[in-house]
Peer 1: 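Right, I'll just put the structure down here and ask away after.
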Amino acid sequence: MKDRIWLSSPHMSEEGYELEYVHEAFRTNWIAPLGPNVDEFEKEFAEKVGSKYTVSLSSGTAALHLALLAEGVSEGDIVFCPTLTFSASANAIRYMNAIPVFIDSDEMTWNMDPELLEEAFKKHSDVKAVVVVHLYGLSAELNSIIKICEKYNVPLIEDAAESLGCTYKGRQTGTYGDSGIFSFNGNKIITTSGGGMYVSKDPEKAEKVRFWATQSRDQAKHYQHSELGFNYRMSNVLAGIGRGQLKVLNSRVEKKRYIYEYYKSALGNLEGIGWMPEIPDSISTYWLTCITTPRNASPTKIMRALEEDNIEARPIWKPMHLQPYFEKYECVGGAVSEALFERGLCLPSDTKMTDEDLGRVCKIVKRVW
Ligand SMILES: *Cc1c(COP(=O)(O)O)cnc(C)c1O
């Protein structure tokens, strides 16, 4: 059996930065959901992304949950959310017992279509927040989306779980909205094995998020709680991994972009192949390189052939409005995300891949074609 090629797997620094911080946590006995690594990781992350206030949490999903709470979403409120996303974006809306209304993608960005967002606002008046997602390291059309949110005076939450390192007009995606979230799950561009970050320009929101994430403990010696609390803080051990990973983020972005360029030059001549879009005013990370395929080379066929060679690939996210759990909720539009799901394929984009590995993938894709 040939060596496994993964879609996107954890990639610790060759220098061993992560282990140094983890050792430090052991040496000083900070094996707790607080400690110096947590404080430093938050500071270093804030500096890296250019967001003033940061709170490290146990997952990106936890960050989304508390972002919705910070933006004042409550039971029965409507929250707009792209239909083409990973379920976590929509699950968090349901944790609040709020009602997701899904918005289709546009072909220009594969992300939330601003025209459909405007259309959705014309239909609904009780909207409490908009969640925008930057899929696969591609920025959404933030310019129009921000304008629409301002026009209707509704807060914007950016789900930047897949877009750490991706900038829009020179600034990190995830730092434009009222609240932003990042993920350090094992498959993301950098990882803490599991973890997330909440970011905001508003110190009060960040402080509230920190408070809720620490079981909402009031300022009192005895344990007193005037609000519902959560246990969502990040471990000091894992924050150590995060600090080390942050040092190699730039090289991970470069490698992801290299992988995309490699595929594009090796497979660009295939008849009918489509590529993930180039976003104006943005530097994409291509967290996963995605293509669309014609009838003769279905994503299923390619995935099967790759799997026979021990290579992992994946379809593009199945839209939320087609998910058994979410299909009862409204979706504005839907044809673009449905087509992307049907014809789209995520090629292995693991930053540990060598040129030889990339060549192995391309050879199989060409053969199926
Ligand atoms: C991974 C991901 C999340 C959730 O992050 P976790 O850290 O795994 O909870 C949310 N949204 C999107 C788009 C993601 O890809």
Side-chain angles (χ1 to χ4, degrees), residues 6-10 33 41 45 54-69 79-96 100 102-103 105 109-112 129-140 142 145 156-166 172-174 177 179-199 209 213 230-235 238-239 241-242 245-246 252 256 276 284-290 314-320 323 325-326 337 340-341 344 346 349:
W6 298 96
L7 191 70
S8 182
S9 74
F41 185 40
F45 191 87
T54 48
V55 186
S56 54
L57 298 166
S58 53
S59 70
T61 309
L64 270 169
H65 186 181
L66 297 185
L68 289 159
L69 198 57
V79 177
F80 292 153
C81 172
T83 185
L84 189 68
T85 186
F86 175 54
S87 65
S89 320
N91 283 338
I93 298 169
R94 289 300 301 138
Y95 298 166
M96 303 302 303
F102 297 113
I103 315 277
S105 302
T109 65
W110 286 14
N111 286 307
M112 184 183 269
V130 173
V131 175
V132 69
V133 185
H134 308 293
L135 280 183
Y136 302 122
L138 300 179
S139 175
L142 278 173
I145 291 169
L156 177 66
I157 297 168
E158 283 182 88
D159 177 346
E162 300 181 8
S163 73
L164 179 57
C166 161
Q172 170 64 51
T173 51
S179 290
I181 76 97
F182 295 88
S183 165
F184 312 115
N185 192 30
N187 59 355
K188 297 295 175 5
I189 193 157
I190 62 168
T191 182
T192 60
S193 77
M197 190 73 78
Y198 171 86
V199 306
V209 164
F230 304 85
N231 182 8
Y232 277 173
R233 294 308 310 274
M234 179 184 277
S235 150
L238 302 189
I241 303 178
Q245 285 272 279
L246 213 48
R252 297 293 177 269
K256 293 279 190 191
M276 60 206 301
S284 307
T285 59
Y286 309 111
W287 169 56
L288 301 179
T289 291
C290 307
R314 209 198 262 166
I316 280 179
W317 296 125
K318 181 173 184 171
M320 290 305 112
Q323 299 287 355
Y325 177 74
F326 287 110
S337 57
L340 283 171
F341 172 57
C346 307
S349 308

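Sequential numbering from 1 along the given sequence is applied to the chain's residues. The figures here come from the full heavy-atom set of this structure, side chains too, leaving out hydrogens, waters and symmetry mates. In each ligand, atom 1 is the first atom listed, and ligand 1 is the first ligand listed.
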Peer 1: Please list, in number order, the atoms of ligand 1 under 4.0 Å from a heavy atom of Val133.
Peer 2: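 Heavy-atom distances to Val133 below 4.0 Å select 13 (C).
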
Peer 1: Please could you name the atoms of ligand 1 that Thr85 approaches to less than 4.0 Å, counting only its heavy atoms?
Peer 2: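 Ligand 1 atoms under the 4.0 Å threshold to Thr85: 13 (C).
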
Peer 1: Could you check atom 1 (C) of ligand 1 against the protein and tell me its nearest heavy-atom contact, residue, atom and distance included?
Peer 2: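 The answer is Lys188 NZ, 1.6 Å.
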
Peer 1: Give me the nearest non-hydrogen protein atom to atom 15 (O) of ligand 1 as residue plus atom name, then the distance to 0.1 Å.
Peer 2: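 Going by distance alone, atom 15 (O) of ligand 1 is nearest to Glu162 OE2, 2.6 Å.
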
Peer 1: What is the closest protein heavy atom to atom 9 (O) of ligand 1, and at what distance does it sit?
Peer 2: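 That would be Thr61 OG1, 2.4 Å.
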
Peer 1: List ligand 1 atoms under 4.0 Å from Gly195, heavy atoms only on the residue side.
Peer 2: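 Listed by number with element, the hits are 7 (O).
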
Peer 1: Check whether the ring centres of Tyr286 and Tyr136 lie less than 6.0 Å apart, and answer yes or no.
Peer 2: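 Ring-ring flag for Tyr286/Tyr136: false, centres at least 6.0 Å apart.
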
Peer 1: Using a strict 4.0 Å cut-off to heavy atoms of Ser59, name the atoms of ligand 1 that fall inside it.
Peer 2: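 By the 4.0 Å cutoff, the relevant atoms are 7 (O), 9 (O).
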
Peer 1: Short list, please: which atoms of ligand 1 are under 4.0 Å from a heavy atom of Ala161?
Peer 2: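 Under 4.0 Å from Ala161, ligand 1 has these atoms: 2 (C), 3 (C), 10 (C), 11 (N), 12 (C), 14 (C).
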
Peer 1: Taking the minimum heavy-atom distance to atom 8 (O) of ligand 1, which of Val131, Thr192, Asn185, Ile181 ranks first?
Peer 2: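 When every heavy atom of Val131, Thr192, Asn185, Ile181 is considered, Asn185 comes closest to atom 8 (O) of ligand 1.
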
Peer 1: Do the side-chain N and O atoms of His134 and Glu162 include a donor-acceptor pair separated by under 3.5 angstrom?
Peer 2: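 Result is no, nothing qualifies.
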
Peer 1: For Ser337, run the side chain to side chain contact (heavy atoms under 4.5 Å, CB included) check against Thr85, Ile103, Thr83 and tell me which one passes.
Peer 2: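 Answer after filtering Thr85, Ile103, Thr83: Thr83.
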
Peer 1: Any idea which atoms of ligand 1 are less than 4.0 Å away from a heavy-atom of Ala88?
Peer 2: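 Matching atoms, with element in brackets: 3 (C), 4 (C), 10 (C).
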
Peer 1: Does ligand 1 have an atom that lies less than 4.0 angstrom from a heavy atom of Gly196?
Peer 2: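 In this structure, Gly196 fails to qualify as a contact of ligand 1 - no heavy atom is under 4.0 Å.
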
Peer 1: Compute the ring centroids of Phe182 and Tyr198, then answer whether they are less than 6.0 Å apart.
Peer 2: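 No.
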
Peer 1: Which protein heavy atom lies closest to atom 11 (N) of ligand 1, and at what distance to 0.1 Å?
Peer 2: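 For this ligand atom, the closest protein heavy atom is Asp159 OD2, 2.7 Å.
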
Peer 1: Just by distance, with hydrogens left out, do Ser8 and Asn187 show a side-chain donor and acceptor under 3.5 Å apart?
Peer 2: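 Side chains of Ser8 and Asn187: no pair found under 3.5 Å.
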
Peer 1: Who gets closest to atom 6 (P) of ligand 1 by heavy atom: Ala160, Ser183, Pro82?
Peer 2: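 Nearest option to atom 6 (P) of ligand 1, by heavy atoms: Ser183.
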
Peer 1: Go through the structure and list residues passing side chain to side chain contact (heavy atoms under 4.5 Å, CB included) with Tyr325, not counting sequence neighbours.
Peer 2: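 Result, side chain to side chain contact (heavy atoms under 4.5 Å, CB included) vs Tyr325: Arg94, Lys328, Tyr329.
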
Peer 1: Where does the angle between the aromatic ring planes of His65 and Phe230 fall among parallel (under 30°), tilted (30 to 60°) and perpendicular (over 60°)?
Peer 2: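 His65 vs Phe230 ring planes: perpendicular.
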
Peer 1: Decide if the gap between the ring center of Phe184 and the ring center of Phe41 is smaller than 6.0 angstrom.
Peer 2: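 That pair passes the under 6.0 Å test.
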
Peer 1: Would you find a donor on one side and an acceptor on the other, under 3.5 Å apart, between the side chain of Gln323 and the backbone of Lys318?
Peer 2: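 Flag set: sc Gln323 to bb Lys318 pair under 3.5 Å.
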
